[in-house]
Structure formats: C-alpha cells, structure tokens
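Take a look at the structure set out below.
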Protein chains: 2
Amino acid sequence: MYTIGQVSEMFGLPISTLRYYDKEGLFPGMERQSGIRKFSDRELEALRIIECLKLSGLEIKDIKQFMAWCVEGASTYPDRKALFETRKKIVEAEMIALQKTLDMLKFKCWYYETAIRDGNEDRLNAMLPDKLPPDIQKLYDNAHASEKRK
Amino acid sequence: MYTIGQVSEMFGLPISTLRYYDKEGLFPGMERQSGIRKFSDRELEALRIIECLKLSGLEIKDIKQFMAWCVEGASTYPDRKALFETRKKIVEAEMIALQKTLDMLKFKCWYYETAIRDGNEDRLNAMLPDKLPPDIQKLYDNAHASEKRK
DNA sequence: GTAACACCTAAACCTAACTTTATGTCAAGG
DNA sequence: CCTTGACATAAAGTTAGGTTTAGGTGTTAC
C-alpha cells in the first residue's frame, strides 16, 4: 500500500495528475483510509497500463471505460480484446507513418548538410526530384510517397 | 496560383485551418490580390513540409521559425539542419517507445484471446510473470522493460 | 502548542491548435 | 437589383489533459 506521494515518486508523475486520473475514474474501487488514497498493487498495475494506453493514443475517457470493464468481470473479455485489436492496428499504421516522417527528416539532414558544404542550394535543386544519390533518393521517395497508392 | 478553397480541397484541410496557418505566419510573403490570398507552388510546398513537421511533433511556432529561416537565406542553413537533427533523434526515440507499446498491445490481444477461451484469467495469472509461451514472453518482457537500464 | 508536512477538495486557470460566429466585401447569374 | 457563393476579418468558443490556487484536515517533531 502506497500513498499518493510515494506513487508520484515511483512513476515520476505529479501528484496533481494522479488525483486528476482518480477523479476521471481511472482507479475504480481504490481504497481510502479516512479520506486518504491508498494505492495498492492493483492501482500500480493500472497506472502501468494507463501509461501504455496513453502512449498508444487512447483518450482518458476510453481508458476509464477499459478500467470499468476490468471491474465488470469475464463478460467483458471480448470488449477488452476488441479495444486492444483496434489500438494495435492504429499503432501499426502510426509506425509506418512515423517511418516515412523519419525518412523525410533524414533526407532533410542530408539536404542541409550538403547546402552548408555548397553554400547554396543550386546543386541540390538540380538533383531534385530524381537525380539524388541512390541511398538519399530512397529516403526522398519514401518520404514523398503518397498514401493514395498504398 | 490557387485560391484558399482550391487548396483546401487539394490538401483535405478546412479553410479555417489554412487561414489560421497564415495568421500564425506559416506562409511568409504569400501574395494577395485585393485582399484575397493567392497560394503559389511555394505555399503548396510549404504546406507539404508543414504536414511532415507536424507529424514529427513540431509545434506551430517552431514551424513558423523554420519558414522564417527559409526566407532569411543561406546563413540559416545550420539552424535548419540542427532543427532536423533534433527532430530525427526525437522521432527515433518515439519509434522505440512505440515498438514497446505495440508489443504490449500484441501481448494484451493474446491475453484476452486466451482469457476468452478459458472463460477466466486463472491459468494466465499462473503463467505470469515468467512462465508464458516463449514468443509471448518476449512481447511481455519487451513491453515491461524499464527505460532505466537502457 | 505550534510549526512543518503530507494529505484532501472544489474550482479556476492554462495551452495548443483549431473552429465558430458575427459581420462585411465583391463578382456573377437570373 | 438582389441573391448566392466565395472570399475576408476579428474575436470568442472549444477540447483535452492537465496544473494551480485557495482553503482545510490530521500527524509528527521540537
């Protein structure tokens, strides 16, 4: 059993955030001792899941729904599974988008490195859009690939 | 040269958003004909870059700074390069975090699939935290890996 | 016995990135 | 001529996810 201050330390989260999460219903059935919150292992595990779900882009109200399902019992297994399946698809799509973004960033790093060496962008402009060095061309093409023809 | 309505169509962005971007200084030096915005190829390219930079997590004010650097000329190449280098590092870190999140999601999908088959979580609880099937164990371990011991 | 702490609540405040609203200009069509 | 539609502005409103503030309680340290 931990106090809110201890949990704040453990997770590196402000106390105000933990209270906000509680107010939003993210710790259903958390114990209290004369008004003071008692975080048990169940709440710590909940917090770990909250951090993951937040990273995956879930909103607070959806996390609250998930926590409510957990309390409700075995009848909500399919709902919980569906939630994770949906998230998985979204995160997979996000990874692909992020890889594209990363290729754009790598290209831009090379671009400005070259511009700095040349002192201008003339040579670069002459290479664009399809006479770049092969490895750079790959980055450029991936970064500029349209989603339409997936 | 395009009107704001045409650009809105082309990029699938609301007109209000384009006007907002303009107000925030994301199209420095955009032409006007008797008050009406004229989007040239330069603004379209800017918009493409804006979309990428937004995806990479950059804020509007930083994008504005970048656009200002572009207008300023060759003396700002190092600033622009530094911006992209920083972004690159951040996105790379994000990819790793997202992979961890994805492993957690995959684990949870398996978890609830199993719970549905069993009708309860008893067998699952008995397997946790280190007697899971090997491939699942890998997901679980990666998802629960602490950042502290990187 | 009082000061320092750690906890509590309700409610106001904050920020980013838009969106909506209210009001107005201007050109073309019936 | 007058309505429709696309453009314009300034300013207010919205939403999520917190954070801050103001005021109060309860326990331990000196």
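Residue numbers start from 1 in every chain, and the chains themselves are labelled A, B, ... in the order their sequence lines are given, proteins ahead of strands. Side-chain atoms are counted along with the backbone in the values below, which use heavy atoms only and exclude waters and symmetry mates.
Put simply, the side chain of B:Asn125 gets close to the backbone of B:Glu121: a donor and an acceptor are under 3.5 Å apart. When atom types are taken as modelled, the side chain of B:Glu45 and the backbone of B:Arg42 share no donor-acceptor pair closer than 3.5 angstrom.
Residues passing the salt bridge (charged side-chain N to carboxylate O under 4.0 Å, His left out) test with A:Arg87, sequence neighbours excluded: none. Every residue meeting the salt bridge (charged side-chain N to carboxylate O under 4.0 Å, His left out) condition with B:Lys81, not counting sequence neighbours, appears here in chain and number order: B:Glu85.
Protein atom CD of A:Gln33 is 16 Å distant from nucleotide atom C1' of D:dT25, rounded to whole Å. At whole-Å resolution of the value, CG in A:Leu13 and P in D:dT19 are 9 Å apart. Taking atom CD of residue B:Glu9 and atom P of nucleotide D:dA6, one finds them 10 Å apart after rounding to whole Å.
A:Cys52 has its side chain out of reach of B:Lys100: every pair of non-hydrogen atoms, C-beta onward, lies at least 4.5 Å apart.
When heavy atoms are screened at a 4.0 angstrom cut-off, A:Ser16 is found touching base atoms of the nucleic acid.
In terms of position on DNA chain D, the residue among A:Ser34 and A:Tyr21 whose nearest nucleotide sits closer to the 5' end is A:Tyr21.
Residue B:Leu55 is not grouped with residue A:Leu139 when hydrophobic side chains (ILVMFWY) are merged at heavy-atom distances under 4.5 angstrom, including chains of intermediate members.
Ionic pairing of A:Asp22 and A:Arg32 is present here: one or more N-O contacts between side-chain nitrogen and carboxylate oxygen are shorter than 4.0 angstrom.
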Produce the list of close N/O pairs, under 3.5 Å, pairing protein atoms with atoms of nucleotides 13-16 of chain D; give distances to one decimal.
none

Give me, pair by pair, the N or O atoms of the protein and of nucleotides 27-29 of chain D that are less than 3.5 Å apart, along with how far apart they are.
none

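Listed by first and then second residue, the side-chain hydrogen bond (donor to acceptor under 3.5 Å, both in side chains) pairs that reach into residues 63-73 of chain A come to none, sequence neighbours excluded.
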Quiz item: Between B:Phe27 and B:Met67, is a side chain to side chain contact (heavy atoms under 4.5 Å, CB included) present by the stated rule, with each step listed?
Solution: CA-CA 7 Å; B:Phe27 306 119; B:Met67 294 304 172; over 6 Å; no
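The aromatic rings of A:Tyr112 and B:Tyr77 sit tilted, their planes meeting at an angle between 30° and 60°.
Distances shown here put a side-chain N or O of A:Thr17 below 4.0 Å from the OP1 or OP2 atom of D:dT19.
From B:Lys54, atom NZ reaches atom CD1 of B:Ile50 across 9.0 Å, with rounding to the nearest 0.5 Å.
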Quiz item: For nucleotides 7-13 of chain C, read 5' to 3', which letter fits each nucleotide if B means a protein heavy atom sits under 4.0 Å from the base, S means only the sugar-phosphate is that close, and - means neither?
Solution: SBB----
